[in-house]
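Both backbone and side-chain heavy atoms feed into the values below; hydrogens, waters and symmetry mates do not. Bear in mind the structure is a predicted one, so any value in this text is a computation, not a measurement.
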Amino acid sequence: MAITSVTKLLPKPARPEGASAEFGWAEVEGLFGHGLPSDYKAFIEEYGAGCLGGFVWILSPFSDDPGAQLGRQSLARLEHLALLGSDSKFQMETSDPVIAPLLAKQAERRLALAAYPPRGQKWIAWAVLGDGGALYWLGAGSPDRWKVVHLGPPGDDGVCPMPVELGGSTSAVLASLLSGKAELPGAPEGFPGAPPSYVPVSKKKPPKWKAPAPVPVDKATIQVVKLKKPRR
């Protein structure tokens with residue numbers, strides 16, 4: 001879907017921020033090692049980095065704000081996901097009535113995330129959310145065919161919920177949210193507003209995000225049991 005489906009519904013900021021730089025898209029894609037969706041690039045050129053409806057901060061590789069930089073924020077979340085899946089072959093067991101259910105949930109989510117995304121696909125965060133979640137591209141094949149995935153914020157146990165595939169391209173998902181045809185998990189009531197707004201990052205800073213620490217456990221009380229990794 002073309003970016004015109006979004007521009008019809010969302011007023012452009014008077015002065016887009018992070019819409020361009022001395023270096024261009026070719027340099028950005030060279031650093032990533034692959035292309036990026038053309039409708040996302042068109043959106044950044046028109047709107048820059050900013051906040052949609054007070055809840056969704058769309059990242060730009062050209063932003064001066066570290067919290068709104070595409071590469072920096074995507075990498076931070078990928079590192080967190082890698083940590084969640086890195087211990088997927090282990091399950092910690094304890095008799096502690098408080099810690100035991102949390103560890104069981106961690107093990108379940110780690111196994112599930114270790115099997116996601118499907119083989120040959122990658123995660124790239126392109127928007128961060130006010131509740132700590134993010135929107136990702138599920139990258140496989142041509143960038144213009146990448147689908148959008150929502151991953152909610154980590155829980156108190158430091159583990160993310162299961163991903164929700166929103167489907168469609170960047171512009172298709174944005175247009176569906178702006179038109180009210182789709183809802184974004186975790187969004188506040190009334191999102192994206194009537195009329196919806198897009199505010200540059202200098203006027204509405206993105207939330208600071210830090211990967212949560214794992215649940216503290218007394219190592220003397222746990223037993224580590226090897227589990228089989230799920231097939232990819």
Side-chain angles (χ1 to χ4, degrees), residues 1-13 16 18-20 25 28-29 32 34-63 68-71 73-74 77-78 81 116-118 120-153 160-201 206:
M1 184 178 291
I3 195 62
T4 53
S5 61
V6 176
T7 57
K8 292 177 181 178
L9 300 169
L10 183 64
K12 301 176 186 177
S20 61
W25 289 109
V28 171
E29 293 174 328
F32 270 86
H34 52 71
L36 295 171
S38 57
D39 58 351
Y40 163 76
K41 293 189 286 185
F43 180 93
I44 293 300
E45 290 169 1
E46 295 283 352
Y47 292 87
C51 182
L52 171 62
F55 184 71
V56 178
W57 279 262
I58 297 180
L59 309 174
S60 167
F62 310 123
S63 177
Q69 288 176 356
L70 179 69
Q73 293 303 314
S74 182
R77 283 161 176 75
L78 282 177
L81 290 175
Y116 198 94
Q121 301 185 354
K122 61 179 73 69
W123 290 87
I124 306 168
W126 59 273
V128 297
L129 310 179
D131 64 356
L135 297 179
Y136 293 78
W137 290 307
L138 191 58
S142 168
D144 287 337
R145 298 178 65 85
W146 289 356
K147 303 301 182 183
V148 175
V149 176
H150 170 269
L151 188 63
C160 292
M162 286 305 298
V164 177
E165 295 190 24
L166 302 181
S169 64
T170 308
S171 54
V173 169
L174 290 175
S176 294
L177 295 175
L178 289 166
S179 65
K181 294 180 180 178
E183 294 183 359
L184 185 62
E189 185 177 354
F191 173 84
S197 63
Y198 193 76
V199 181
V201 292

Assess the pair Phe32 and Trp25: is the distance between their ring centroids shorter than 6.0 Å?
no
Using the side chain to side chain donor-acceptor pair (under 3.5 Å) rule, pick out the option among Trp126, Tyr40, Trp137 that qualifies with Thr170.
Trp137
Close side-chain approach of [X] and [Y], heavy atoms under 4.5 Å:
X	Y	answer
Ser179	Leu9	yes
Leu70	Ile44	no
Leu166	Leu177	no
Leu174	Leu52	yes
Arg77	Val128	yes

Between the main-chain N or O of [Y] and the side-chain N or O of [X], is there a donor-acceptor pair closer than 3.5 Å?
X	Y	result
Gln69	Ser63	yes
Tyr198	Gly50	yes
Asp131	Pro153	no
Ser60	Gly18	yes

For [X] and [Y], which heavy atoms make the closest approach, and how far apart are they?
X	Y	answer
Leu59	Ala125	CD1-O, 3.8 Å
Val6	Tyr47	O-OH, 4.0 Å
Pro192	Leu178	CG-CA, 4.1 Å
Pro37	Pro143	CG-O, 3.5 Å

To the nearest 0.5 Å, what is the distance between [atom1] ([X]) and [atom2] ([Y])?
X	Y	atom1	atom2	value
Trp146	Leu138	CH2	CG	10.0 Å
Arg145	Ser169	CZ	OG	11.5 Å
Leu135	Leu129	CG	CG	5.0 Å

By ring-ring contact (aromatic ring centres under 6.0 Å, His included), Trp57 pairs with (sequence neighbours left out) none
Considering residues at least two apart in sequence or located in another chain, which fulfil the side-chain contact (heavy atoms from CB on, under 4.5 Å) criterion with Pro188?
Phe55, Phe191
With sequence neighbours left out, which residue pairs that include part of residues 41-61 fulfil the salt bridge (Lys or Arg N to Asp or Glu O under 4.0 Å) condition?
Lys12-Glu46, Glu29-Lys41
